[in-house]
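Here's the structure we're looking at; comments come further down.
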Amino acid sequence: MKFISTRDTDTPVTLREAVMKGLASDGGLFMPREIPVLPKNWWNNLSGMDDHSIAAGLLQPYLQDSFTQQEIFDICRESLTFPTPLRQLDEHTWLLELFHGPTLAFKDVGARFLANVMERLLAEKNEKITILTATSGDTGSAVAQAFYGSDFVDVVVLYPSGKISRVQEQQIATLGKNIAALEVRGNFDDCQRMVKEAFNNREIRQQLQLTSANSINIMRLLPQMIYYALAVRDLSRSANTPVFSVPSGNFGNLTAGLIAHRMGMPAEYFIAACNANHVFPDFLETGSYTPHPSLATLSNAMDVGDPSNFERMRFLFGDEVSSFRDNLRSRSYNDEHILRAITEVYQKYQYIADPHTAVGWLAWQDFRTASEPSPGIILSTAHPAKFGDTVIQAIGQEPEIPERLARNLDQDKLSVTIDSQSEALFDYLRQK
Ligand SMILES: *Cc1c(COP(=O)(O)O)cnc(C)c1O
């Protein structure tokens, strides 16, 4: 299986090149050249398969040129080390809890697969690389945890001092070993600018073999298909085809669901559940795509005004908005809606939803129909303890903090504080 850029279908590259580069040279995003449909039989037999066999079955077509069947299975076993349980809320509603990984958000799944694939590709050639990345919270912690202890990859994470939550900072800054945390005296935009300038500096880039490993990497995206299929398996009691409601920001999670659907996974349609950043619902309604600067909301991991994966969705559906509409619904919700939803879910079901999951729940409430009910599966993307302040505001009580998170909060911070000038970052990198 080769991979192509969304902007140039005539220049296929190998998995290795797509994974190491992240972004194609022409600025496009990598996609598999073909999306094979798995046999009906395979989908009908999900209930007889464990998590790792389902994962391996879905990823096999994309990995089989680079790895043996045994290696693919090992990658799945080493990456998917936690469950993704389906919890029933009412007769037709389920939550797919994706937050049982090390950093309590769904990004752990993609980050861990990327780490295990990269590690093997580098080990084959005994190469070493440095991942340099700026984070506003969740991505940096998932990447740092996933690559922790790697022999071939060093990670340098820049984060804005005082602008990420304490939980997020502890998850990035207490690791040590091959994970360097740089606390920047500035904001997230400063961090991003500094990273960009380091990539543009030839001396630095060559000395350290820099790569980015950000969320547009195809090896972070494809593994996100797995939990959709696991949910379909676990739902098998119900005869009807499910609707998936996906809290969306950069649309990676949703795009993975759409690719799984292309591979034959049953789905009635998908809901892109958005916060006040409304570029996608506007597009579905009007047919024109008009990006806007991102708005800060309570579901901050979805604060994206120009989602990168829109380009992949356009690659899948073409330029006709009607083919988007055949497969997707979308709606936008503001902070007030989010707070009210957390309150309502708690009162109705004694369940504490985080502010991202709350958006998914709101959208499912709006699109579900009473007459011919499909089961609705809401992707629950983060643990509520990650957003304790918002939860307290909504229900007047703090969510229980999982033990691994509590342990993390006690550990010493190991970050190095630097100024927001690029030279400060270059000096640090040169000494490494
Ligand atoms: C990243 C993130 C999202 C958005 O996912 P996309 O793939 O960018 O659409 C939603 N919820 C949480 C908790 C996240 O961390």
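One-based numbering, in listed order, for ligands and for the atoms of each.
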Notebook entry, point to check: Quick one: does NZ or CZ of K177 land under 6.0 Å from the six-membered ring centre of Y148, within 45 degrees of the ring axis?
Noted result: yes
Next item on the list: Indicate the ring-plane relationship of F283 and F280, choosing parallel, tilted or perpendicular according to the 30° and 60° boundaries.
Entry: tilted
Check: For the residue pair F3 and Y62, does the interplanar ring angle fall in the parallel (under 30°), tilted (30 to 60°) or perpendicular (over 60°) class?
Finding: tilted
For the 3.5 Å polar cut-off, considering only N or O atoms, please tell me whether [X] and ligand 1 meet it.
X    : value
S248 : no
D354 : no
N253 : yes
F387 : no
A382 : no
D138 : yes

Checklist line | atom 8 (O) of ligand 1 - nearest protein heavy atom and its distance | finding: N250 N, 2.8 Å
Notebook entry, point to check: When you measure from atom 11 (N) of ligand 1 to every protein heavy atom, which one gives the shortest distance, and what is it?
Noted result: T381 OG1, 2.8 Å
Enumerate the atoms of ligand 1 whose separation from the nearest heavy atom of [X] is less than 4.0 angstrom.
X    : value
K107 : 1 (C), 2 (C), 3 (C), 14 (C), 15 (O)
P247 : 4 (C), 10 (C)
M302 : 3 (C), 4 (C), 10 (C)
G252 : 6 (P), 7 (O), 9 (O)

Checklist line | Trace of the salt bridge (charged side-chain N to carboxylate O under 4.0 Å, His left out) decision for R368 with D90 | finding: CA-CA 12 Å; R368 68 192 297 182; D90 66 33; 3.2 Å; yes
Next item on the list: State, without any angle test, whether T103 and K107 hold a side-chain donor-acceptor pair at a distance under 3.5 Å.
Entry: no
Next item on the list: Decide whether D354 and H356 meet the rule of one side-chain donor and one side-chain acceptor closer than 3.5 Å.
Entry: yes
Check: What are the two closest heavy atoms between V359 and S299, and how far apart are they?
Finding: CG2-OG, 4.2 Å
Item checked: D366/R331 ion pair, N-O < 4.0 Å -> yes
Checklist line | Residues R185 and D190 bridged, charged N to O under 4.0 Å | finding: no
Check: Between the candidates A256, G249, P307, which shows the shortest non-hydrogen contact distance to atom 9 (O) of ligand 1?
Finding: G249
Note to self: Just to check, does F106 reach to within less than 4.0 Å of ligand 1 when the distance is taken from its heavy atoms?
What the structure shows: yes
